[in-house]
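Presented below is the structure to which this report refers.
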Amino acid sequence: MAIGNLVLIPGYMTDDRLWDDIVAPLQQGGARLTMAQLNQGETMDQMADRIIEQCPPEFVLLGFSMGGYIARKIVQRIPERITALILVATSSRADSPQQQRSKASAADAVTEQSYNGLSNQSLGYSLHAERSHDPLLLQRLKSMGQRLGYGVFVRQSRLDRDSDTAALGQIKCPTLVIAAQDDRMRSLQESNELQENIAGAEMRIIADCGHMIPLEQPAALCHEIIGWLEQRP
């Protein structure tokens with residue numbers, strides 16, 4: 001299938017600049033892009049409803065990281081409009097109590113006056129270990145958090161990520177799961193769970209890459225997306 005309409009959903013504290021390095025290749029591959037924003041809504045359900053309002057009648061849906069949770073909520077709401085689903089560096093597991101506490105503590109630790117984006121330590125952990133101190137990548141990530149601002153940071157940090165593993169079998173559209181070999185935030189086992197529980201889903205693993213696949217390995221990501229979509233009937 002030709003790519004056609006493609007809706008991109010970013011992850012935690014990232015915005016449409018996350019896609020800077022893949023926009024041109026996707027457009028050259030025939031994609032008409034809609035870049036969803038996660039700067040409004042108090043819950044993932046509200047975010048999903050806001051995104052649906054912006055979507056074309058039929059489209060391929062791609063969700064990165066936290067955006068993968070929201071993408072699956074959209075599939076639950078309007079399955080007849082989704083021609084294919086791509087889940088990148090994401091999971092169907094609920095946040096652990098430790099993850100919930102960590103994010104809540106991070107939100108409590110700053111004020112509107114002191115907030116200046118995510119810390120280099122947390123941003124570095126989202127990258128491949130050998131890139132964790134890369135100044136360009138860290139600045140690109142930090143800038144997204146700065147643009148989104150304190151209010152969005154607090155709201156996103158307090159979101160409940162409930163498990164939807166039991167509902168994965170309801171997804172009927174063609175699905176591609178893309179994981180990073182060296183992701184320290186989402187394990188390959190979590191990607192395997194998605195692939196195993198969604199009927200007919202395929203999985204690709206990108207080498208030499210941490211969690212931030214669109215920034216770290218954009219060419220490899222585009223290769224997998226375009227190749228998979230073009231082979232669809």
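- Each of Q189, E190, R184 was compared with S187 under the side chain to side chain donor-acceptor pair (under 3.5 Å) criterion, and only E190 meets it.
- Residues P214 and W19 are in side-chain contact: their nearest non-hydrogen atoms beyond the backbone lie under 4.5 Å apart.
- S163 places a side-chain N or O within 3.5 Å of a backbone atom of S92 that can act as its donor or acceptor partner.
- Side chains of S143 and Q139: a donor on one and an acceptor on the other come within 3.5 Å.
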**Message:** One pair to check against side chain to side chain contact (heavy atoms under 4.5 Å, CB included): R72 and L87. What are the steps and the verdict?
**Reply:** CA-CA 9 Å; R72 295 192 300 272; L87 299 171; 4.1 Å; yes
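- Put simply, CG on L118 and CG on L123 are 5.0 Å apart, with the number rounded to the nearest 0.5 Å.
- By the criterion of side-chain heavy atoms lying less than 4.5 angstrom apart, applied directly or through intervening Ile, Leu, Val, Met, Phe, Trp or Tyr residues, L138 is grouped together with L18 in one hydrophobic cluster.
- With a 4.5 Å cut-off on side-chain heavy atoms, Q181 and D208 do not count as touching.
- Listed here is the closest heavy atom pair of M144 and L215: CE-CD1, 4.2 Å.
- Using modelled atom types, one side-chain atom of T14 and one backbone atom of G11 make a donor-acceptor pair closer than 3.5 Å.
- L85 and L168 fall within the same hydrophobic cluster, defined by Ile, Leu, Val, Met, Phe, Trp and Tyr side-chain heavy atoms under 4.5 Å apart, directly or through other members.
- Put simply, the side chain of I9 does not reach to within 4.5 Å of the side chain of F64, judged on heavy atoms.
- Interatomic distance, CG of L176 versus CD1 of I86, reported as 5.5 Å (0.5 Å rounding).
- One finds no salt bridge joining E42 and R158 here, because no Lys/Arg side-chain nitrogen approaches an Asp/Glu carboxylate oxygen to under 4.0 Å.
- Here the straight-line distance linking atom CD of Q121 with atom OG of S126 works out to 12.0 Å at 0.5 Å rounding.
- Classification of E224 and R204 as a salt-bridged pair holds, one side-chain N sitting under 4.0 Å from a carboxylate O.
- Here the closest non-hydrogen pair linking P79 and Q76 is CD-O, 3.7 Å.
- Atom OG of residue S132 and atom CG of residue L137 lie 10.5 Å apart, to the nearest 0.5 angstrom.
- Although no hydrogens or angles enter the test, the distance criterion places no donor-acceptor pair under 3.5 Å between the side chain of Q146 and the main chain of G117.
- Scanning all heavy atoms of the two residues, the minimum distance from V152 to L148 falls at CG2-O, 3.3 Å.
- A 6.0 Å sphere centred on CZ of R17 holds no more than 12 heavy atoms belonging to other residues, nucleotides or ligands.
- Here the side chain of Y69 pairs a donor or acceptor atom with the backbone of R93 at under 3.5 angstrom.
- Looking only at distances, a side-chain donor or acceptor of N5 sits under 3.5 Å from a matching main-chain atom of E58.
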**Request:** Tell me, with the steps shown, if R32 and L6 meet side chain to side chain contact (heavy atoms under 4.5 Å, CB included).
**Result:** CA-CA 6 Å; R32 296 181 294 273; L6 174 58; over 6 Å; no
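- Using a 4.5 Å cut-off between side-chain heavy atoms of Ile, Leu, Val, Met, Phe, Trp and Tyr, with links allowed through other members, Y115 and L159 fall into the same hydrophobic cluster.
- Taking the charged nitrogens against the carboxylate oxygens, R140 and D21 do have a contact shorter than 4.0 Å, which makes a salt bridge.
- Within the 3.5 Å criterion, the main-chain N or O of R81 finds no donor-acceptor partner in the side chain of T83.
- You'll find the ring centres of Y12 and H211 outside the 6.0 Å limit.
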**Message:** Run the salt bridge (Lys or Arg N to Asp or Glu O under 4.0 Å) test on R77 and D45 for me, step by step, so that the C-alpha distance in whole Å, both residues' side-chain angles and the decisive distance to 0.1 Å come before the verdict.
**Reply:** CA-CA 10 Å; R77 287 161 165 73; D45 288 297; 2.8 Å; yes
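- With rounding to the nearest 0.5 angstrom, the NZ atom of K172 is 15.5 Å from the CD1 atom of I82.
- Between P56 and T34, some side-chain heavy-atom pair lies under the 4.5 Å cut-off.
- There is a path of hydrophobic side-chain contacts, each under 4.5 Å, that joins I3 to I178.
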**Residues Q37, R50; criterion side chain to side chain contact (heavy atoms under 4.5 Å, CB included); working and verdict** = CA-CA 9 Å; Q37 303 290 342; R50 295 284 180 89; over 6 Å; no
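- Annotation for A180 and G210: closest pair CB-O, 3.1 Å, computed over non-hydrogen atoms.
- Within 6.0 Å of CD in E112 there are 12 or fewer heavy atoms belonging to other residues, nucleotides or ligands.
- In this structure, D15 and L38 have side chains that are not in contact, with every pair of non-hydrogen atoms separated by 4.5 Å or more.
- Scanning both residues, P25 and I226, for their nearest heavy atoms gives O-CD1, 3.6 Å.
- Distance alone, capped at 3.5 Å, places no donor-acceptor pair between the E216 side chain and the C209 backbone.
- Side-chain atoms of L188 and I205, non-hydrogen and from C-beta on, do get closer than 4.5 Å to each other.
- No side-chain donor-acceptor contact under 3.5 Å links S65 to the backbone of G67.
- Salt bridge absent: D164 and K73 never bring a charged side-chain N and a carboxylate O closer than 4.0 Å.
- The closest side-chain heavy-atom distance from T43 to D160 is not below 4.5 Å.
- For S114 (side chain) and V110 (main-chain N/O), no donor-acceptor pair under 3.5 Å exists by modelled atom type.
- Here the shortest heavy-atom pairing between A107 and V154 reads CB-CA, 4.4 Å.
- Between the CG atom in D183 and the CD1 atom in I213 there is a gap of 6.5 Å [rounded to 0.5 Å].
- A cation-pi arrangement is absent between R155 and F153, since the terminal nitrogen or guanidinium carbon is not both under 6.0 Å from the aromatic centre and inside a 45° cone about the axis.
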**Request:** Using the side chain to side chain contact (heavy atoms under 4.5 Å, CB included) rule, take M203 and N192 through it: C-alpha gap first, then chi angles, then the decisive distance, then the call.
**Result:** CA-CA 8 Å; M203 182 169 161; N192 282 325; 3.3 Å; yes
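- The side-chain heavy atoms of I225 and L62, taken from C-beta on, include a pair separated by under 4.5 Å.
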